[in-house]
Amino acid sequence: MIPFYDTHAHLDYPDYEKDFPEVLARAEAAGITKIISIATDLDSSRRALALSEKHAMIYAAVGWHPSNAHEAPADIRAELRDLARHPKAVAIGECGLDYYRLPSAEGGSADDDARYKQKQAEIFQQQLEVASELKLNCVIHQRSSFDDLFMQIQPFASQTRGVFHCFGESVERLQKILSIGWLVSYTGIVTFKNGQNIRDAVAATPHGKFMLETDCPYLAPVPYRGKRCEPAFVKEIFETVAQVKLCSLEELSAATCRTAHEFFPKLH
Ligand SMILES: [Zn+2]
């Protein structure tokens, strides 16, 4: 069987509470051999690590999502460092900036927006620092914030690397990311009818510069669109990407597994 990795899943979410063993069994039956469970805050990091201790195929990324940054304590570095030293903590994240839904969209003021962005930047900065210190790479969440984010990573670009997860930007932005040696990863959006811009980006991304992911429970690929997503569905994403890249599933599996091991050295 051809092995596939799901490099971005949220297995600690309550969505899987009822049928977790079946979700893992379906993943294994589809050939998925490794899953990285991505955390969204420190509690979620602990849950992801607990899953990684229980299941050989599961690894964790530990970190704090920008959309929850306003709930973070002033300094998460000490706790994050401890969590990141776990043998199965393969990355920091997901971390970054998300300006998609600012407080002003819900009646807040311009000052509220500035404070919200400032807290996101602080929590992101702390994660870039810890990643650099511990020589780990980062799983990057970016939404409507590309220029600020790209500026903030500059001082760290030679100390850590990031993968821009759920990449959905232009080919020009893709080139910017690749030019500093960072990577992208693609989700089930690549299978959507209206996902041609993503397929164009995939076509422009060389092997070795991208990985594939479900971002489950979100973004189920066609033909499961609209349903709860799960790691088994990463196979549909591989099939579409193989068609776009005009390569075999075997080649795509080998290239993306190699990229994952190189980017996440603690994956074994
Ligand atoms: Zn995610």
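In this chain, numbering begins with 1 at the start of the sequence shown. Whatever order the structure lists ligands and atoms in, that order sets their numbers, starting from 1. Excluded from the calculations below are hydrogen atoms, water molecules and symmetry mates; all remaining heavy atoms, backbone and side chain alike, are included.
With sequence neighbours left out, Y186 forms a ring-ring contact (aromatic ring centres under 6.0 Å, His included) with no residue at all.
Counting only heavy atoms from C-beta outward, the side chains of P206 and L178 approach each other to under 4.5 Å.
Other cluster members for L246: none, since no ILVMFWY side-chain heavy atom sits under 4.5 Å from it. Under a 4.5 Å side-chain heavy-atom criterion applied to ILVMFWY residues, the cluster that includes F233 comprises Y224 as well.
A cation-pi arrangement is absent between R143 and Y99 under the rule of less than 6.0 angstrom and at most 45 degrees off the ring axis.
By the 30° and 60° cut-offs, the orientation of the rings of F4 relative to F238 is tilted.
Each protein N/O/S atom under 2.8 Å from the Zn ion (ligand 1) was counted, for a total of 4.
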